[in-house]
Amino acid sequence: MSKHKRKDFSLFDRALAAQAARSAVAKLDPRVLSRNPVMFVTGVVALLTTFIFLRDLVTGAAMTGTVGQIAFWLWVTVLFANFAEAIAEGRGKARADSLRATQAETECRRLTGDPAAHKDFELVSSQRLRKDDVVLVEAGQLIPADGEVIEGVASVDESAITGESAPVIRESGGDRSAVTGGTRLVSDWLVICVTAEPGKSFLDRMIAMVEGAERQKTPNEIALNILLVGMTIIFVLVVVTLEPFALFSGTSIPVAFLVALLVTLIPTTIGGLLSAIGIAGMDRLVKANVIAKSGRAVEAAGDVDTLLLDKTGTITFGNRMADAFMPLPGVSERELIETALLASFPDETPEGKSIVDLAHKMLGREVDVLRQGIGKFVPFSAQTRLSGADLTDGGEARKGASDAILRYAEAKASPDLTRIVEGIAKSGGTPLVVARDKRILGVIHLKDIIKPGIRERFAELRRLGIRTVMITGDNPLTAAAIAAEAGVDDFLAEATPERKLELIRKEQAEGKLVAMCGDGSNDAPALAQADIGVAMNTGTPAAKEAGNLIDLDSDPTKLIEVVLVGKQLLISRGALTTFSIANDVAKYFAILPALFITAYPGLEALNIMGLASPASAILSAVIFNALVIFALIPLALRGVRYSPATAGELLRRNLLIYGLGGLVVPFAGIKAIDVAVSALGLA
Amino acid sequence: MATDILQFLLYAAILVALAWPLGRYMARVFQGERTLLSPVLVPVERGIYAVAGKSAMQDQHWTRYALSLLVFNLAGWLLLNAILRLQHLLPWNPEGLAPMPPDLAFNTAVSFVTNTNWQAYGGETTLSYFSQMVGLTVQNFVSAATGIAVAVAVIRGFAAHSAKSVGNFWVDITRSILYVLLPLSIIGALVLMWQGVPQTLGAYVPVTTLEGAQQLIAQGPAASQIAIKQLGTNGGGFFNVNSSHPLENPTQLSNLLQLVYILLIPAAFCFLFGHMVKDQRQGIAIFAAMGILFVVGLAVVYGAEIDGNTSYDVLPIDQTAGNMEGKEVRFGTGLSALWAEATTAASNGSVNSMHDSFTPLAGLALLLNIQVGEVIFGGVGAGFYGMLLFVVLTVFLAGLMVGRTPEYLGKKIEAKEVKLAVLAFLSMPVGILVFGAVAAVVPSALAAVQDPGPHGLSEILYAYSSATGNNGSAFAGFGANLPFHTTLQGIAMLLGRYAFIVPMLAIAGALATKTPAPASAGTFPTHGPLFVVLLMVIVLILGGLTFFPALALGPIAEQVAMIAGQTF
């Protein structure tokens, strides 16, 4: 649904890969490596095996070649894992660099003295602007920092941030007062109060996020990490105790072989790819033009139970449009249309224009002839609550709400009028009554137009178990009709900020996670209360501060995309964990017979893959273990393929691919490597 | 063979028919609702609380619950230890048996307090009637009640709606004994007495056998102890050879009753769970996973035993009835295999045949039953909360794959729960692998091992699995009464019990505070066949991956050697 405007980097861009390869070696630093317990253990035993290899070289022990190869592949395992992380970071950095280009240092005019006068100013570098500084920006200049417009109206080209080329209006007051550093003023001038300290702007946050510099582990990642550490401890116990059991059985196992068993058993696949998955998830979000203030928010997005969506702009197009003309009995449709047209010609509101459009469709070119009958435009005013035109022939054409027109016509509503008006209201529309010379002719049916495709989107969400709630200021009757047409699960009519907040609290008390988006200052409390608050970039600073995600495109339907990114992140982790654990079964069948064959030749029966020799079996398992990490890097970066489905369907599909696949693939893979290893005479 | 399978089916039918209503009854008991026995027992319960004081009965935070439990069990251990050490000064000792040596008393007291009932001694030659009745039988009740209480507290944690408390330990333990264990034990003891099990304080009886030899027939207050030993998945025999002794298990009917009692409460817990979380499907799913694993295990054990020992094929031994070494002829291969499967699955240490004499493959299945953590029905309460640990791990591993933070019954499984689950899970590998490895190389420990080669390793593995899993049965060849083993096994039993209970209660406490999220189409479904399969696979894979290398050197090596006709 969103426009993926940001360029994507090819999976292994040559420059990125070279950079990542260098960084993979640098990450061997124990201080860096120790952040990943599984890889740290692998690194330690790789070092141990290397020492044994060197010792054996000197003493000339048997199987030195095999030990050396095991040591080599253990290092490769660690390097592959580092490479996965480095390439994910590299992609983030590359994206950050392209963002940073927009953040070039510029000169700007900082106002001194009375800001209202904007006469006195000094030229300063944009890097030196502090919070609460006031700057004057004129057409053609870059906006130097994030801020709020305090004076002026201007059009701003925000394509650097949003990729949208059409300029947008920014003005003081209201909900369109926020401007972003790095965007360019196309017309007029603005006085802007800076709202971010240097280095803390949205762009900076975005850069920090994709670079992984400020990346903190998300709750789920922490939990998974604990499990991986636990499994590593268990397998250390398994391997360490194996030697005493072997001694009891009258045999002894070379340390290098025990090490090989350990490394193939501990969850290196997921352990090596875990951080790459996390970074890539953030990257996907940035690609969708959403800034997350924390990784936690992205992950929580996958858990959302209830989605609160504003009706206007999200579910329907912003404005109501004329859908039908409904004349009263005794009035011809044509008369009604003509009058409606006359009352709407000069009306520049979207509703007015939609009436003209509809009339145009029905009457064709005659419309232009009628246009000449307009005398003076009567604009909408709060007192009369109607609008229209005085005609050249001295007549009056008026349109307005039912009660306003009745007052104008000094008449009581006829039963026919009441029937039509109530019918329209009940169906979710807005009735606009038309009168000519105080004679009521009929009603225009104004209707909310539901965005195409949104209904299907809600059906998808329902399959994911997410309930959608439409928020609208409309009365319950209208709201119910639109809700039914749009296919949302529930609605909140006559919504006020307080009622919105109340609804969120109620849902949360039932244990549900709530997501919403908003832009106005009065949305701030609800945005803060919601578990996922997506603030529109066009929104007020208060709203942006309260939300935990910011959508640079200011597209409310983006919320749905964020949810899917969150889910994909979790699924990728789960799938690779399952795959990693399932792999262990085949590795046992490769390594155990090789270890015990001297003690109990009968255990050759466990060598169901028919691997060539003990040394080759162990080497093949280690090589497979290393290669599988490399092979899965693209999957970790891209995320597991995901299309909305119920939990049951998802589970079945993923278990089949990653669970069963994880059981079967290594049998084939290890056998193939074994064939290659023995053909090359490596063991 | 057809008769055996018919017996298995009959057993399953009786078990389910009794466990279902018992689960419902127990759920009502622990939720403080009215039951059939309320008119009689409520006044008794009130009386007990009146003596104990009202403050003791208030709802407890999990830490307080755990502390009460530990204090109570410590007191029980001190008391039992004292009784065993001082039995020569205490009454009901017609045979004038001497006090137990300190290391054996430590081991035995730990064993009975932890519901293990590992016996490094022979009952009739070591223990006075006082020690058996006041010492052991009391612990048979309270250790079982402790397991039930923990399981109920843990279930409350899963079922609760943002609560601070997991219940009250003293109330739970009182109700376990009063409403569940006592009534069922009384019925069981009466039936056993009717079937010929002695219940007397009289001295051992000297008899002249048919050959004219003099024999002293050991007897005593056996029926009351046997009923609770099976019901509470304790398993500590009154006599050394346990339920293969004709006075401990005289008839087919007594055998059936004991078999049913072994699995009755563990099976009922599944249904109790369904009631307490108000979703029967959840309980049935767990029952199904346990049941299928049980049937698979039984198939392996029975299949291997009926197949017999191929090494005997060259000898003039008739194996048409299967491998009959170490089995009672009156039970045959079928009922012996069923008993062995039920007791190892349920952490019940009683035996009606000698596991040491089983074929290696059958021995492997029995070992795995214990090593996966005694969760295939498992000990009373203990098996169920053990299985809930696997449920937590299953949900966490696979739950991510539906794109949500893993949750079970609407409760999110987060870092804290995973940490505690991993901690609890570690107790089995430490107790079995680490302690077993030490026992396999320390010279002073090796004297206990009867057989060379892989079977010797199986004996060590079985002993430490049995201790850590709080099972209590043994590969009989293992001579456990050495200070090294009595001490190390005592520690293994403590580890397997409390290093599991405390983290489990902590998980319950953490979950209790959470508000359950209502289920939706996006929630990981934990009641369907897919979940059942997944749970079983996780139990087997995690258990299997941990112990497979050691088992390869034990029963697996022995099995392949047996097929090859190799002996050691």
Side-chain angles (χ1 to χ4, degrees), chain A residues 219-220 222-224 226-227 229-230 233-234 237-238 241-242 244-249 261 265 299 302-303 305 462-467 509-513 566-568 570-571 573-575 577-578 581 584-585 588 592 596 599-600 602-603 605-606 642 646-648 650-652 654-655 658, chain B residues 393 396-405 410 412-415 417-419 422-423 425-426 429-430 433-434 436-438 440-441 453-454 456-457 460 514-518 520-525 528 530 534 537 541 544-550 552-554 556-557 560-561 563-564 566:
Chain A
N220 238 299
I222 294 170
L224 186 53
I226 292 169
L227 186 77
V229 171
I233 295 173
I234 289 172
L237 294 181
V238 168
T241 56
L242 202 51
F245 291 138
L247 284 177
F248 180 92
S249 313
L261 179 63
L265 290 183
E299 208 174 76
D303 287 349
D305 298 291
R462 200 165 302 119
R463 285 181 75 198
L464 292 171
I466 297 172
R467 217 165 63 91
E510 288 167 17
K512 293 178 184 163
L513 237 68
K567 284 197 179 290
Q568 195 185 28
L570 295 178
I571 293 176
R573 283 194 198 125
T577 307
T578 307
I581 294 172
D584 281 2
V585 175
Y588 265 145
L592 286 187
F596 301 145
Y600 301 115
L603 286 178
L606 291 181
Y642 169 63
T646 63
L650 279 175
L651 185 63
R652 211 165 301 128
N654 289 328
L655 270 180
Y658 299 98
Chain B
L393 291 174
F396 186 78
L397 280 173
L400 283 172
M401 281 195 293
V402 305
R404 281 173 72 95
T405 299
K412 286 201 169 19
I413 308 296
E414 291 166 297
E417 288 79 32
V418 173
K419 196 190 296 174
V422 166
L423 202 65
F425 190 80
L426 275 174
V430 170
L433 293 177
V434 177
V438 173
V441 287
L457 188 64
I460 296 175
K514 298 186 183 189
T515 311
S520 73
T523 329
F524 182 81
L530 189 63
L534 202 58
V537 169
I541 284 207
L545 288 180
T546 313
F547 300 106
F548 192 63
L553 286 172
I556 297 174
V560 292
I563 293 166
Q566 184 193 358

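The sequence lines fix the lettering, A, B, ..., with proteins before strands; numbering per chain opens at 1. This one's a predicted model, so the numbers in the text were calculated from it and none came from an experiment.
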Rounded to the nearest 0.5 angstrom, the CD1-CZ distance for B/I460 and A/F248 is 4.0 Å
Turns out that what part of B/A564 lies under 4.5 Å from chain A's heavy atoms comes down to neither
### Query
Has the side chain of A/Q568 got a donor or acceptor atom that lies under 3.5 Å from a matching backbone atom of A/Y642?
no
Exercise for review: Under the side-chain contact (heavy atoms from CB on, under 4.5 Å) rule, what do A/L650 and B/R404 come out as? Steps first, then yes or no, please.
Suggested key: CA-CA 11 Å; A/L650 279 175; B/R404 281 173 72 95; over 6 Å; no
Among A/G566, A/G602, A/A246, A/A605, the residue with the most heavy-atom pairs under 4.5 Å to chain B is A/G602
The interface call for A/L606 against chain B, heavy-atom contacts under 4.5 Å, is side chain
When the 4.5 angstrom heavy-atom criterion is applied to B/A557 and chain A, the contacting part is both
Note: vs chain B, highest number of non-hydrogen pairs under 4.5 angstrom among A/I226, A/L655, A/I234, A/D303 is A/D303
Closest non-hydrogen atoms of B/L457 and B/A440, given as atom of the first, atom of the second and distance, are CD1-CB, 4.5 Å
When the 4.5 angstrom heavy-atom criterion is applied to B/I556 and chain A, the contacting part is both
So, the part of A/F596 with a heavy atom under 4.5 Å from chain B: the answer is side chain
If one checks every heavy atom of B/I413 against chain A at 4.5 Å, the contacting part turns out to be neither
Whatever's closer than 4.5 Å to a heavy atom in chain A on B/V422 counts as side chain
Pair count under 4.5 Å, heavy atoms only, with chain B: among A/V229, A/T578, A/I222, A/L513, highest is A/T578
Whatever's closer than 4.5 Å to a heavy atom in chain A on B/V537 counts as neither
Could you tell me whether a side-chain N or O of B/K514 sits under 3.5 Å from a main-chain N or O of B/K412, the two making a donor and an acceptor?
yes
dist A/Y588:OH -> A/L261:CG (nearest 0.5 Å) comes out at 6.5 Å
The interface call for A/R467 against chain B, heavy-atom contacts under 4.5 Å, is neither
Note: vs chain B, highest number of non-hydrogen pairs under 4.5 angstrom among A/V238, A/L464, A/I466 is A/V238
Note: vs chain B, highest number of non-hydrogen pairs under 4.5 angstrom among A/G302, A/A647, A/S249, A/G648 is A/A647
Rounded to the nearest 0.5 angstrom, the CG-CD distance for A/N220 and A/E299 is 4.0 Å
One option among A/T577, A/I581, A/L265 has the most heavy-atom pairs under 4.5 Å with chain B, and it is A/I581
The interface call for B/T546 against chain A, heavy-atom contacts under 4.5 Å, is both
If one checks every heavy atom of B/P518 against chain A at 4.5 Å, the contacting part turns out to be both
Problem set entry | Step-by-step side-chain contact (heavy atoms from CB on, under 4.5 Å) determination, B/F548 to B/I541 | CA-CA 10 Å; B/F548 192 63; B/I541 284 207; over 6 Å; no
Turns out that what part of B/L534 lies under 4.5 Å from chain A's heavy atoms comes down to side chain
Do A/N654 side-chain atoms and A/A575 backbone N/O form a donor-acceptor pair below 3.5 Å? no
All heavy atoms of A/G574 vs all of B/L400, minimum pair found to be CA-CB, 3.5 Å
The interface call for B/L545 against chain A, heavy-atom contacts under 4.5 Å, is both
Okay, B/V434 and chain A: the region with an atom under 4.5 Å from a heavy atom over there is both
Honestly, the part of B/F547 sitting under 4.5 Å from a heavy atom of chain A is neither
If one checks every heavy atom of B/L423 against chain A at 4.5 Å, the contacting part turns out to be neither
Okay, A/L592 and chain B: the region with an atom under 4.5 Å from a heavy atom over there is side chain
